[in-house]
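Below is one structure, written out as structure tokens, with a few remarks after it.
Hydrogens, waters and symmetry mates are skipped; everything else that's a heavy atom, side chains included, is used. Lettering follows sequence order; numbering is per chain, from 1.
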Protein chains: 2
Amino acid sequence: MATASPLAASEAAGPGTMGDVRRSNLALVLGRIAYAPAGVHPSRAQVASATGLTKASVSSLVLDLLDAGVIREVGLSQQGRGRPGVGLELNSARAVLGMEINVDYISAGVTDLTGNLLALETQERDNRPAAEGTVLAALARLAAKVRAEAAGSGVQVLGGGLAVPGLVDAAASRVLTAPNLGWSDVDLDLDALLPDTPLGVSLFNEANAAALAEVRHRPSGSSTFLFVSGEVGVGGGLVIGGELFTGPEGHAGEVGHVVVEPDGLPCSCGGAGCLETVAGQDAIFVAAGIDAEARTRSQSMAVLVQALQSGVPSALSSVERAGRYLGVALASTARVVNIGAVVLGGHFAVIDPWLREPLLASLEKHAPGRLPPDQVTASTLGQAGALLGAAGSVVRSLIDAPHLLQQ
Amino acid sequence: MATASPLAASEAAGPGTMGDVRRSNLALVLGRIAYAPAGVHPSRAQVASATGLTKASVSSLVLDLLDAGVIREVGLSQQGRGRPGVGLELNSARAVLGMEINVDYISAGVTDLTGNLLALETQERDNRPAAEGTVLAALARLAAKVRAEAAGSGVQVLGGGLAVPGLVDAAASRVLTAPNLGWSDVDLDLDALLPDTPLGVSLFNEANAAALAEVRHRPSGSSTFLFVSGEVGVGGGLVIGGELFTGPEGHAGEVGHVVVEPDGLPCSCGGAGCLETVAGQDAIFVAAGIDAEARTRSQSMAVLVQALQSGVPSALSSVERAGRYLGVALASTARVVNIGAVVLGGHFAVIDPWLREPLLASLEKHAPGRLPPDQVTASTLGQAGALLGAAGSVVRSLIDAPHLLQQ
DNA sequence: GGTAATAGTTTATTGCCTAAACTATATGAG
DNA sequence: CTCATATAGTTTAGGCAATAAACTATTACC
């Protein structure tokens, strides 16, 4: 009897203790406060009846959250006969820092706990030739700057998140491989990036972070979708019920390497016929006849958009082909992971007007009814997505585990 | 992913209570006993040091489990100086019933809590023309028979699981659609199938159940893999860390509709170029020149195997093509869900000797290094897989929630 | 100003775990 | 054979977190 222990995951976890109950209920209460509709500030009594906890327990839990500084009381809210309740909301004097390292730029921004962007700094620089130490040092300066800005208006930064365009081992603060940066097995000193915060700095894959940003910031409501990130490579993030599905090894959602043409071109991954070989930025530039070598990436993209607007045939057919094959890959992915909505990011969002029609036609051909047109949307966050997602993810992990702020 | 706390399950709905701690620790202790290596019967003290609970707590928890009848004590195990411990093991006088309804047969079997098959009855019958009530009545008789057999040897059946070849809503005991049975939106009276058990009867998709059976019964150790079920259609089950990943709507793993040839044939799903159009049973029969209309499905499969053994070119090329495209689909799937092992079931297991080589070559071409040959295995469970998986899944849910047996 | 209604706190109780002392049962040395 | 040592399992006291119910606080309405 092969006993592959299904406990493997929880094996590390110790016994359940009463402290777990406390932590679980702290998160339950904080979640009610944090995820209340905008402008609504529930009282202790409302939280109690919504969660099923007693008023006494909620009072005690709320006291802890107030002590930790995660929430604060707002003006009384009278709405009926009796004593008015005291409204509770996330403490807007607390914030997190989002950061991004990409090929052409670095950026750092501060958001409060509800996701509002309070400060943002972007610095254009070619990060490919530089050693990672140099890049991190420049980013640390940028981070210090926005942090000081926030501090100036009385806002305390609790922690941060860094998004990089590559596969990461978040637990080990390690970039496994970031081909476009030329990084491979790089250990990052994240604490140096943002010293002396209670929560520290977490590491994210850029596509995953951008995917998570959509959960909070996109107009439509559903929090289950596939985010497709078009950069030099084609990445993805699978969000299910607001949570990232990362797969057993943490790298799920790699839509870029779905095979769309069995006899297609070789891919950088060693495979052949991957989506990336027809819909990655370089592939689109080549097919459109744009010399990307001579320009920066954002310049090339501008040239492409210009060409599309002018109706240059090679550009149009290049994007048409990318859309068609993107549809093939998304049709397959929708079936495998049973998803009914897609958000296009990166260059796919930029060229969405031209990409959209062939994409929808291809989806209808290969998975009719699965991904209806109104469920295929383009991200509106642009470059800021990864940064917002990294910051938002730190906020989210705080809301899920507020005890991290207690000492 | 907020799976930090062992109580994470309760975080979703109601408040965390002290009873949750008890339940969580009951499952922790029972898991240690249930998933110990075969022949090893840990003592209370060993469970305590393995789980981190105190000896006092373990004693109390074990008492509850003994009262519920889930476990029992076995002979003393002396192994050193001091007082010998009392071994603990799953109670082999308790069992669960697995059942399956398929196109050509119904079956029912009893397994003890460690997965050993104690009794099995299969009845060949064509279930397509019959109303579901007739089929269920026949299955109820079969179930009563094996249950009586078990009772005769002093074994009590605690609950059961039923696998059907179609999409199911397990919570509602409802078969949404089972095309090969001709069922659509059918509510099943599962309790009538197996009356008066403490755990009742649960409903499963056949491919998912078969996938779960592999977790316990396949030789290799890993409990993270994609199970590919080759039947009339091509289904699948995605198992991650021993748990089924069903996706947001419960139907993930549909590998059969990954697009492997953008310009391919139309598929029954309304799409085009799906894997099923080249690797489903019918597609293989047609390409091999076998007239499936004139035979039952199992007869056609026997003819195919015969032809393969004789080296009939059309049969060989048909299977070669199926293997090649299966490789394309699995390469894509491996990337999207980040999986490193595959188990072939259904007809893929039967024709594995001929399928294997083109499949591996195709995998190496499209996803080099991702699914190495030793991680691509064929199921050895055959027809019994679904039944064993359904039963095993009931056992597993019992081990995860032993308090269900307390009153 | 009194009553009803609602918000929030205080107090007593219960459940579950831990720590530490205690009992039980084995091995091995003299 | 007896005693020291070691390990298994139980008993007892204590702490923490939630609940229930009584209590205080603050408002609206008559």
Helical bend (five base pairs per end, nearest 10°) for the helix from dG1(C)-dC30(D) to dG30(C)-dC1(D): 20°
CG on L113(B) to CZ on R396(B), rounded to 0.5 Å: 14.5 Å
side-chain contact (heavy atoms from CB on, under 4.5 Å) against L404(B), all qualifying residues, sequence neighbours excluded: L199(B), A401(B)
Rounded distance in Å - CD (Q46(A)) to P (dA7(C)): 7 Å
N338(A) vs T246(B) side-chain heavy atoms within contact, under 4.5 Å: no
Integer-rounded Å distance: dA17(D) C1' and H403(A) NE2: 16 Å
Output side-chain donor-acceptor pairs under 3.5 Å for residues 56-65 of chain A, partner residues at least two apart or in another chain, one line each.
unit_1	atom_1	unit_2	atom_2	d
S57(A)	OG	T54(A)	OG1	3.0
S59(A)	OG	K55(A)	O	3.4
S60(A)	OG	R22(A)	NH1	3.2
S60(A)	OG	R22(A)	NH2	2.7
D64(A)	OD2	R22(A)	NH2	3.1
D64(A)	OD2	Q406(A)	NE2	3.3

Mind listing the N/O atom pairs, protein and nucleotides 14-16 of chain D, below 3.5 Å?
none

Which residue lies more 5' along DNA chain D, comparing K55(A) with N25(A) via nearest heavy atoms: N25(A)
Qualifying salt bridge (charged side-chain N to carboxylate O under 4.0 Å, His left out) pairs with a residue from residues 37-54 of chain B, counting only residues at least two apart or across chains: R44(B)-E73(B)
Side chains of L244(A) and L212(A) in contact at under 4.5 Å (non-hydrogen atoms): yes
Atom-pair distance (CG on L26(B); C1' on dC17(C)), nearest Å: 13 Å
S153(A): partners by side-chain hydrogen bond (donor to acceptor under 3.5 Å, both in side chains), with sequence neighbours left out: none
Sugar-phosphate, base or nothing in reach of A56(A), heavy atoms under 4.0 Å: base
With R23(B) via salt bridge (charged side-chain N to carboxylate O under 4.0 Å, His left out) - residues at least two apart: D20(B)
Sugar-phosphate, base or nothing in reach of S43(B), heavy atoms under 4.0 Å: sugar-phosphate
Closest nucleotide among dA17(D), dT18(C), dC16(C) to the V21(A) side chain: dA17(D)
Salt bridge (charged side-chain N to carboxylate O under 4.0 Å, His left out) contacts touching residues 110-119 of chain B (sequence neighbours left out): none
Between dC17(C) (P) and R44(B) (CZ): distance, integer Å: 16 Å
Atom pairs under 3.5 Å: protein N/O with N/O of nucleotides 1-6 of chain D:
none

Nearest atoms (heavy-atom pairs only) where L158(B) meets L398(B): CD1-CD2, 3.9 Å
side-chain contact (heavy atoms from CB on, under 4.5 Å) partners for R174(A), two or more places apart: D169(A), A172(A), L176(A), D185(A), D187(A)
Nearest-neighbour nucleotide for the A45(B) side chain, dT19(D), dG9(D), dT18(C) considered: dG9(D)
Partners meeting side-chain contact (heavy atoms from CB on, under 4.5 Å) with R216(A) (sequence neighbours left out): Y35(A)
Interatomic distance where CD belongs to Q406(B) and P belongs to dG15(C) [whole Å]: 14 Å
Interface with DNA chain C, restricted to residues 58-65 of chain B and to heavy atoms under 4.0 Å: none
4.5 Å side-chain heavy-atom contact, E149(A) and V110(A): no
4.5 Å side-chain heavy-atom contact, F225(B) and V215(B): yes
side-chain N/O S57(A) vs dT19(D) OP1/OP2, d < 4.0 Å: yes
